[in-house]
Amino acid sequence: FAFTGADVYGRFKRLRGDTVFEPMGFDAFGIHSENFAIKLGIHPAELIPRNIANFRRQLTRLGGMFDWRHVLATTDPAYYKWTQWLFLQLYQAGKAYKKKAAVNWCPHDKTVLANEQVINGACERCGTMVEQRLLEQWFFRITEYADRLLANLDDGSKMDWSPSTTIAQRNWIGKSQGAEIEFPSDAGPIRVYTTRPDTLFGGTFLVLAPEHPLVDPLTPAPRREAMDAYRKAVASRDLVSRKVGDKEKTGVFTGSTALNPATGQRIPVWVSDYVLMQYGTGAIGGVPAHDERDFAFARKFGLPIVRVLAGPGQDGATPVPEPAVETEGFRLVNSGSFSELPASEGLRAIVAWLERERHGTGQVRYRLHDWCISRQRYWGPPIPIIYCETCGPVGVPEKDLPVVLPLIEDFRPDDTGVSPLARHKEWYHVKCPQCGGPGRRETDVSDTFLDSSWYFLRYPSSEFGDRPFDAARTKTWLPVTTYIGGNEHAVLHLLYSRFITMVLHQLGHVAFEEPFPKLRAHGLIVKDGAKMSKSRGNVVIPDRYIQQWGADAFRMYLMFLGPFQEGGDFRDEGITGVRRFLDRVWVLAHEAARLTPGASPGIPSSPGSRPASADLPEAVLRKLHQTIRKVTADTETLQYNTAIAAMMEYVNELRSAECRVRRAVQPLILMLAPYAPHVAEELWTVLGGSRSVFAESWPTYDAALATAGEVEIAVQVNGKLRGRLTVPRGSPEAEVVRRAQAEEAVRRFVDGKPIKKTIYVADRVVNLVV
RNA sequence: GCCCGGGUGGCGAAAUCGGUAGACGCAAGGGACUUAAAAUCCCUUGGGAGGCGACUCCCGUGCAGGUUCGAGUCCUGCCCCGGGCACCA
C-alpha cells in the first residue's frame, strides 16, 4: 500500500517530465529480525537474505519503478561500514558518550529485553518477572539539538510536512518552560525542576527518585533498611510497568527534611518511584493542591495539602477536594507577598524573586532523552570502538572499517549477560589501533534506527566503496524531494534522521540541514475492524491477489479503497470493481485501435493542443478535459481514490456515448499509466505507440473545453430545494431569478408572499426568502 | 488520562470558499444473452408516505444546541470508534 502510493506518485512525476529516482532497500539488522530468526530457529545471516529475496520478488511483481541498481540492505557490510563510520563521526565530534542506564533484564534468560518483549512485567519467552539492571550504554546527544529540531518544524520554508507528523514530533520533543529551585537540606541543596513555580508556596514535601544520589545521605541509619527494601523492590520491576501512571502510589519517608525557600518551613523528604531519575533533576516539589500525582501521594501518606491557587468564589481557606491543575482565571493565595496576583503574573514574579534571591533559575526542559543506541545483542552492526588498557576507548580507524559482524553459530544471548560477540575470542581480542597494546572490542551492536537514519544519503551513491555518499550525487539528488511514509515513524525514524542530518550538516558533510523537506504520511489499512499488522495476524499476502486479479488490479484497488493519506478498509470483494474497470478499458482500447485508422507517426499525447473542432462529440470532449484536470490535480495531491473515480466516470461516458476513437482513449491510457503500468504499457502499444508509455508526456487540458456551456442551478425557497434550472453558464442574476420565480414548485411555496431577499450564487444556487 | 484521526446508504467511500448530500465502486434486486451456468450488457437501489403515471411531499451526514437566507462543512457541549503516547514534575 505504502510503496504503491509512492510509486504512483513517482511514475506520475516522470510522465510530467521530471527525472525520478525511486530507490528501495531492506532494513533488517536488529532485534526484530533476530527475534524472528530465534523463533524460526534459523540463523539470521541465512534467513534475512532469503526474506529480502522474497520481498524483492513481491515488489517487482507489484510493478514498482524501483531502481534495483541502487538497492540497499543495512545488513550488508558494504552498507554498515558507513553506519560505523557515522558512529565515529559522532564519537569524534563529542556527540556520542557512554553512561549507565537501566535496561529490562530477564533473570531467567539472563538477557536484555526490548520494551515490547516485556508483557505485563514478565519476559515474553519464559514468563519470569523482569527487573531493571544498570548497564553501560552508548548515547547520542540528540537533546543538544532539541531546540533546532523544534524550530525547523515551525519553519514552513524548510518543512512541508503533514501536520499530524509535525504535531507528533513537537509533542515528543516536549519542550517545557519552568524553573529549577534549590531546597536546602542537611545533605546539601536538593535541586527540583518544576513547570509551575507559581505553586511554590504550596510545596509541602519533596519526593526523590529512588535512584537519586541524595537518598543515602538523607536516610539516617534506623531507616536505612526500609529504604533499601523499597529501592530493591522498585529495581526488581521492569521499566515499562514502573511508568504506568494509574497505579497506587508507593513511597518511603527518608527521615529528613528540607527547607522550602518560599515559606521558610521545613518539609519532609520522601522517596517514590513515581519520580523518574531521567527527567528534570530526579526530584520534585510535592504540591498536592495543584498536581494530581502529588495529590494522590499526599492523600496516601497523610501529607498536608495547602491551596495556593484560588478560582472565582474561592479563597485560601477553600478546601481542596481534588487538585486544581488549570491556571486560567486563578489567582495566588497563601503565597505571602505574592498573594492575589493572577496565576500567570505570579509565576513570572516568583521566578524573578527566585533568581534575585539565588534560590533558583528559570529553565527550559525537554522530555526528549538522549538516544540510547547500544544493544546487548548479536544481530546488528558492531559499534566500532576498541578498549585499550592504556589508551581507554579508541575509535576503530576508518581504514579498518567495516568491523565485520562475525558469523557465530549460536547467536542467542546467553547467561554470561554480555553480548554474544564477547564469546568470539579471536574477534573480541584485538590490538589497540593507537598503541598496539592489548585491547578488546566493544561487544554491543547499534540500534537499527541508526541504520535507517542515513540510508537516503546512501541511495544515490550506493556503488561507491570509498565514501558513504558522493558529493556530486548528493548535490543532484538530495535532500529527498518527496518522502512518503507511515506515521508510525513520526517520532523515531523521522526524528533520528533529522538529527543525524543536522549533525552531518554541522560537520560539513552535507549542505542541507533537513533531509525530508516534503513529507506526506499515508494512512493505515484496516482489516476486520483493526489496523492491519503482523502482530494482529490480519495481514494480506499480495501474491495470491496478484495471481488471481493481476498486479495492476491489486495496485488500483489499494489506491481506490480509501484516501491514501487516511488509509481505508481492505475487503476482498472490493477488488472486483477495479478489475472490471481495467477489463473495460482493455476492450475500449482494442476497439478504438480496430475502428479508427492506424497510427500516424506523431501520436497526440496532448489533446488540448488540437483544435476543439476535432472529431470527438462535445460531451466526450468536455468530459475528457474535465477528467484530465481532475486526475492531474488529484494525483499531485495523493488523492488517488478520487482520481481513479474520475477515470471510471470518463470510461462510463465513452461507453454510453459509444465513442471508440483513439484520440479519446489515448489520454486515458496516459493517465492510467501510473496506476496500472502493465496494462497501460500494453494498451499504448495496441493504440499505435512505438515506445514506452512512460517516454510520453502527461496529457494537458484546456480549461475552456473543460467548462460546461450550461449549468444546473438549484432553486431554493427559504433555503429548501424546490427546483432546478438549466441555464447558460454565467447567466445574469436578473434572468435566473425571473426564471426561478416562474417555476411551478417555486410559485407554490412562495404562495404569493412578498420576496424579502434574493440570494444568488452564480452558476450554483438561487434562494428566495419570503 | 493526554495528543492526533474519524463517525455520511446494506458496505468502501465522494462532496472547492458554507450553496443541488450520497460521485465512483461493492453488494443486492430485476431484465437481456445462454440449453444452462459463469462472464458480459441494460435497468433499479438513503428511509418513509401518496399517485395508474410523468411525479409530489416529508425525513435524513454520531447526539443536543447555536450562528446563517442556507450547515456534512462553522461555533459550543457531549457520545462512540480507530491510532499513538502514557507518573515528564
Side-chain angles (χ1 to χ4, degrees), chain A residues 162-165 167-168 170-172 174 176 178 192-196 199 207 209 240 242-247 249 272-276 278-287 290-294 296-297 365-369 487-488 490-491 521 523-524 526 529-531 533 557 560-563 565-578 580-581 583-584 587 633 639 641-652 655-656 711-725 744-745 748 756-770:
Chain A
S162 302
S164 57
T165 316
I167 290 166
R170 210 170 282 128
N171 293 344
W172 186 263
S176 73
V192 155
Y193 175 72
T194 177
T195 53
R196 299 290 302 276
T199 63
V207 189
V240 183
R242 159 127 188 227
K243 288 191 181 183
V244 170
D246 52 5
K247 68 156 197 267
K249 294 281 179 288
S272 174
D273 70 342
Y274 83 92
V275 177
L276 307 174
Q278 306 87 348
Y279 187 76
T281 58
I284 62 152
V287 185
H290 305 290
D291 182 279
E292 282 177 25
R293 297 149 302 179
D294 298 345
F297 192 76
R365 297 275 163 148
Y366 303 90
R367 55 182 301 168
L368 182 70
H369 301 337
N487 249 344
E488 69 270 21
V491 288
L524 39 86
V526 168
K531 165 190 171 181
S533 72
Y557 174 58
F560 187 60
L561 56 72
Q565 292 182 82
E566 287 167 37
D569 225 23
F570 189 98
R571 292 164 310 123
D572 280 6
E573 317 86 71
I575 198 169
T576 53
V578 286
R580 277 205 270 263
F581 166 74
D583 286 344
R584 286 169 189 165
V587 169
Q639 289 160 292
N641 56 333
T642 49
I644 293 170
M647 287 189 272
M648 288 173 165
E649 278 189 61
Y650 179 59
V651 167
N652 291 345
R655 281 155 51 85
S656 66
V711 288
E712 198 182 61
I713 290 186
V715 181
Q716 300 176 336
V717 178
N718 288 340
K720 279 191 179 275
L721 182 70
R722 296 303 175 191
R724 296 180 171 87
L725 281 178
E744 154 69 27
R748 203 165 60 239
K756 287 190 226 149
K757 197 173 170 187
T758 304
I759 289 116
Y760 178 66
V761 181
D763 301 331
R764 297 221 83 137
V765 70
V766 56
N767 187 11
L768 306 172
V769 184
V770 296

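We name chains A, B, ... by the order of the sequence lines, and we start the count at 1 in each one.
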Do [X] and [Y] have side chains that get closer than 4.5 Å, going by heavy atoms?
| X | Y | answer |
| --- | --- | --- |
| A/Phe560 | A/Ile575 | no |
| A/Leu561 | A/Phe570 | yes |
| A/Leu768 | A/Ile759 | no |
| A/Gln565 | A/Ser162 | yes |
| A/Arg655 | A/Tyr650 | no |

Could you tell me the separation between the [atom1] atom of [X] and the [atom2] atom of [N], rounded to a whole number of Å?
| X | N | atom1 | atom2 | result |
| --- | --- | --- | --- | --- |
| A/Ile644 | B/rA23 | CD1 | P | 18 Å |
| A/Tyr760 | B/rG18 | OH | P | 20 Å |
| A/Asp583 | B/rC41 | CG | C1' | 14 Å |
| A/Ile713 | B/rG70 | CD1 | C1' | 16 Å |

Any strand: nucleotide that pairs with [N] via Watson-Crick or wobble, under 3.5 Å:
| N | result |
| --- | --- |
| B/rC85 | B/rG1 |
| B/rA36 | none |
| B/rA49 | B/rU56 |
| B/rC74 | B/rG66 |
| B/rA28 | B/rU44 |
| B/rC17 | none |

Can you figure out which of [options] approaches the side chain of [X] most closely?
| X | options | value |
| --- | --- | --- |
| A/Ile167 | B/rA89, B/rC4, B/rG19 | B/rC4 |
| A/Asn767 | B/rC4, B/rG70, B/rU20 | B/rG70 |
| A/Arg571 | B/rG12, B/rC57, B/rG19 | B/rG12 |
| A/Asp569 | B/rG12, B/rA15, B/rU20 | B/rG12 |
| A/Ser164 | B/rC4, B/rA13, B/rC57 | B/rC4 |
| A/Leu721 | B/rC3, B/rA21, B/rC69 | B/rA21 |
| A/Lys720 | B/rG83, B/rA89, B/rC59 | B/rC59 |
| A/Trp172 | B/rG84, B/rA86, B/rC4 | B/rA86 |
| A/Arg580 | B/rC3, B/rC26, B/rG25 | B/rC26 |
| A/Arg367 | B/rG25, B/rA86, B/rA21 | B/rA86 |

Rounded to whole angstrom, note down the [atom1] distance from [N] over to [M].
| N | M | atom1 | answer |
| --- | --- | --- | --- |
| B/rG7 | B/rA21 | C1' | 16 Å |
| B/rG50 | B/rA64 | C1' | 33 Å |
| B/rG30 | B/rU45 | P | 16 Å |
| B/rG72 | B/rA13 | C1' | 14 Å |
| B/rC42 | B/rU56 | P | 27 Å |
| B/rG66 | B/rG9 | P | 24 Å |
| B/rG65 | B/rC17 | P | 29 Å |
| B/rA28 | B/rU73 | C1' | 32 Å |

**Study point:** B/rG31: syn or anti, per glycosidic angle within 90° of 0
**Key:** anti
Revision key, fill the gap. Per the O4'-C1'-N9-C4 / O4'-C1'-N1-C2 angle with a 90° window around 0, B/rC85 comes out anti
**Study point:** Distance-minimising heavy-atom pair for A/Thr199 and A/His290
**Key:** CG2-CB, 4.1 Å
Select base, sugar-phosphate, or nothing to describe what [X] touches, counting heavy atoms under 4.0 Å on all strands.
| X | value |
| --- | --- |
| A/Glu649 | sugar-phosphate |
| A/Leu561 | sugar-phosphate |
| A/Phe570 | nothing |
| A/Val769 | sugar-phosphate |
| A/Val207 | nothing |
| A/Asp273 | base |
| A/Asp294 | nothing |
| A/Pro163 | nothing |
| A/Glu712 | base |

Strictly below 4.0 Å: does [X] bring a side-chain N or O up to OP1 or OP2 of [N]?
| X | N | answer |
| --- | --- | --- |
| A/Asn171 | B/rA86 | no |
| A/Lys531 | B/rG83 | no |
| A/Arg584 | B/rC41 | yes |
| A/Tyr279 | B/rA89 | yes |

Practice item. Return yes when atom CD of A/Gln278 has more than 12 non-hydrogen atoms of other residues, nucleotides or ligands closer than 6.0 Å, and no otherwise. Key: yes
Exercise for review: Hey, which sits more toward the 5' end of RNA chain B by its nearest nucleotide, A/Arg722 or A/Gln278?
Suggested key: A/Arg722
**Study point:** Residue mapping more 5' on RNA chain B - nearest nucleotide basis, A/Asn718 or A/Arg748
**Key:** A/Arg748
Exercise for review: Classify the ring geometry between A/Phe297 and A/Tyr274 as parallel (under 30°), tilted (30 to 60°) or perpendicular (over 60°).
Suggested key: tilted
**Study point:** Donor-acceptor pair (no angle test) under 3.5 Å: A/Glu566 side chain, B/rG6 base
**Key:** no
Practice item. Check the pair A/Met647 / A/Val651 against side-chain contact (heavy atoms from CB on, under 4.5 Å), numbers first and verdict last. Key: CA-CA 6 Å; A/Met647 287 189 272; A/Val651 167; 5.7 Å; no
